[in-house]
Visitor: 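After the structure tokens below, expect a handful of questions from me.
Numbering of ligands and ligand atoms starts at 1, following listing order.
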Amino acid sequence: MINPYEKLLLENKAWASEQVQNDPEFFKRLSHLQTPQFLWIGCSDSRVPADKITGTQPGEIFVHRNIANMVVHTDLNLLSVLEYAVVYLKVSHVIVCGHYGCGGVKAAMGNHSLGIINKWLRNIKDIYRMHKDEVDAFTNEEDRTNKLVELNVMEQVMNLAKTSIIQKSWKTDHQPHLHGWVYGLDNGIIKTVCEMEAGTHIDPLYEYDNL
Ligand code: CO
């Protein structure tokens, strides 16, 4: 009997040799350079693996994941990933991908204290408060959660557009294109819920004029 973690290492060896069999230059090529076109901001949920569900290969998609796919303007981790992807890798597309049935969104709608994560989920409570009538119009809990999942993705795309990183890149490079998507755990299909082309004007309050 092998330990579950040992299985991961064995699978890794098998995967690496399969890659080399299919394409002897695979690792040589990738070790020199990555030129992904996409930045993916997704939920940490283990059922939503960015590359598997989009059929992308190593080198094609730059990934940041956190609970409930949030773009929080004080999150140094997210901002570092965003700046690196946009300014240095020059990705053409930034995708925020949520998923129906998201546990983080569900928890944000409830009243149970979960510890540190309360502070993270507070951001989603604010979105719920802003759209309470629209969300509560649904009679069953699952529909309410899923509505807030979509609204959350839209808000996070808006949060991207509010950053000086995106606004500056829109001005100088006319990219990236922003996308809001939601993945269905029950059918594996991604639904597009919103998009924002480079240069889209947002509420002037958030637009910087000296970038
Ligand atoms: Co989730």
Visitor: Between N152 and Q156, do the side chains contain an N or O donor and an N or O acceptor separated by less than 3.5 Å?
Guide: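 N152 vs Q156: donor-acceptor pair found between side chains.
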
Visitor: Kindly confirm or rule out a cation-pi arrangement of K90 over Y88, judged by NZ or CZ under 6.0 Å from the six-membered ring centre and within 45° of its axis?
Guide: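 Cation-pi check for K90 and Y88: fails.
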
Visitor: Please enumerate all residues that pass side-chain hydrogen bond (donor to acceptor under 3.5 Å, both in side chains) together with R65, with sequence neighbours excluded.
Guide: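 Not a single residue meets the side-chain hydrogen bond (donor to acceptor under 3.5 Å, both in side chains) criterion with R65.
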
Visitor: State, yes or no, whether a side-chain contact exists between I166 and P176 at a heavy-atom distance under 4.5 Å.
Guide: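 When only atoms from C-beta onward are counted, P176 and I166 do touch, with a gap below 4.5 Å.
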
Visitor: Taking the Co ion (ligand 1) as the center, what protein N, O or S atoms are found at less than 2.8 Å?
Guide: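 Per the 2.8 Å query on the Co ion (ligand 1), atoms found are C43 SG, H99 NE2, C102 SG.
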
Visitor: Parallel, tilted or perpendicular, judged at 30° and 60°: which one describes the rings of F62 and Y84?
Guide: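 If you compare the ring of F62 with that of Y84, the planes turn out tilted.
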
Visitor: Hey, which of H179, Q175, Q37 is the one that makes side chain to side chain donor-acceptor pair (under 3.5 Å) with H93?
Guide: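 Exactly one pass, corresponding to H179.
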
